[in-house]
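Beneath this line is the structure, given in structure tokens, with notes to follow.
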Amino acid sequence: QVQLVESGGGLVQAGDSLRLSCTVSGLPFSRYAMGWFYQAPGKVREFAAAITWNSGFTDYADSVKGRFTISRDTAKDTMYLQMNSLEPEDTAVYYCAAAKTVPALRDPDDYNYWGQGTQVTVSS
């Protein structure tokens with residue numbers, strides 16, 4: 001059974017930092033590209049960041065570029081999202097996802113497995 005479990009969300013103030021984790025089980029983590037998406041209330045799920053299976057390529061949405069950093073630790077089957085300089089506009093549920101093949105890292109339809117999400121709330 002494939003499981004992706006996010007953790008690390010919470011309530012912070014603008015300018016603070018958080019590190020999200022996504023621990024994966026039930027699939028060969030080192031063979032999957034991974035991504036982070038976010039969904040604010042009343043809005044569609046949006047791409048935040050992605051990383052290829054070998055960490056050779058990362059991609060970021062313009063809204064998070066320069067503030068967020070995606071990484072992965074194959075030894076721990078875990079992916080991370082370091083979130084710095086958080087803004088109230090970053091408030092959302094954050095989801096991690098795994099993709100066996102990646103024609104387009106930014107397209108949620110290309111991801112095969114999803115976590116349940118972790119809430120990030122940034123107060124002004």
Under the side-chain hydrogen bond (donor to acceptor under 3.5 Å, both in side chains) test, which residues partner [X], sequence neighbours left out?
X	result
E89	none
S63	Y38
Q119	T121

Q116, CD atom: more than 12 neighbouring heavy atoms under 6.0 Å: no

Pairwise disulfide (SG to SG under 2.5 Å) hits with a residue in residues 69-100, at least two apart: C22-C96

Within residues 24-74 or reaching into it, pairs that qualify as disulfide (SG to SG under 2.5 Å) - sequence neighbours excluded: none

If you compare all heavy atoms of [X] against all heavy atoms of [Y], which two are closest, and at what distance to 0.1 Å?
X	Y	answer
A14	P88	CB-CD, 4.1 Å
N84	S17	OD1-OG, 2.9 Å
S30	T74	CB-CG2, 3.6 Å
A98	L27	CB-CD2, 4.3 Å
I70	Y60	N-OH, 2.9 Å
A49	L81	CB-CD1, 4.2 Å

In one Ile/Leu/Val/Met/Phe/Trp/Tyr side-chain cluster, 4.5 Å: I51, V64: yes

Joint hydrophobic cluster, L18 plus Y80, side-chain heavy atoms closer than 4.5 Å: no

Listed once per pair and sorted, the side-chain hydrogen bond (donor to acceptor under 3.5 Å, both in side chains) pairs that draw on residues 46-56, sequence neighbours left out: T52-N54

NZ or CZ of R45 within 45° of F37 ring axis and under 6.0 Å: no

Spacing of [X] atom [atom1] and [Y] atom [atom2] [to the nearest 0.5 Å]:
X	Y	atom1	atom2	result
R19	S7	CZ	OG	9.0 Å
T101	D110	OG1	CG	7.0 Å
T78	M34	OG1	CE	9.0 Å
L105	T58	CG	OG1	9.5 Å
Y111	L4	OH	CG	11.5 Å
Q13	S124	CD	OG	9.0 Å

Parallel, tilted or perpendicular: ring planes of Y95 versus W114, cut at 30 and 60 degrees: perpendicular

Is the shortest heavy-atom distance from the side chain of [X] to the side chain of [Y] under 4.5 Å?
X	Y	value
L20	V120	yes
M79	V24	no
R31	K100	yes
D90	R67	yes

Ring centers of F68, W36 separated by less than 6.0 Å: no

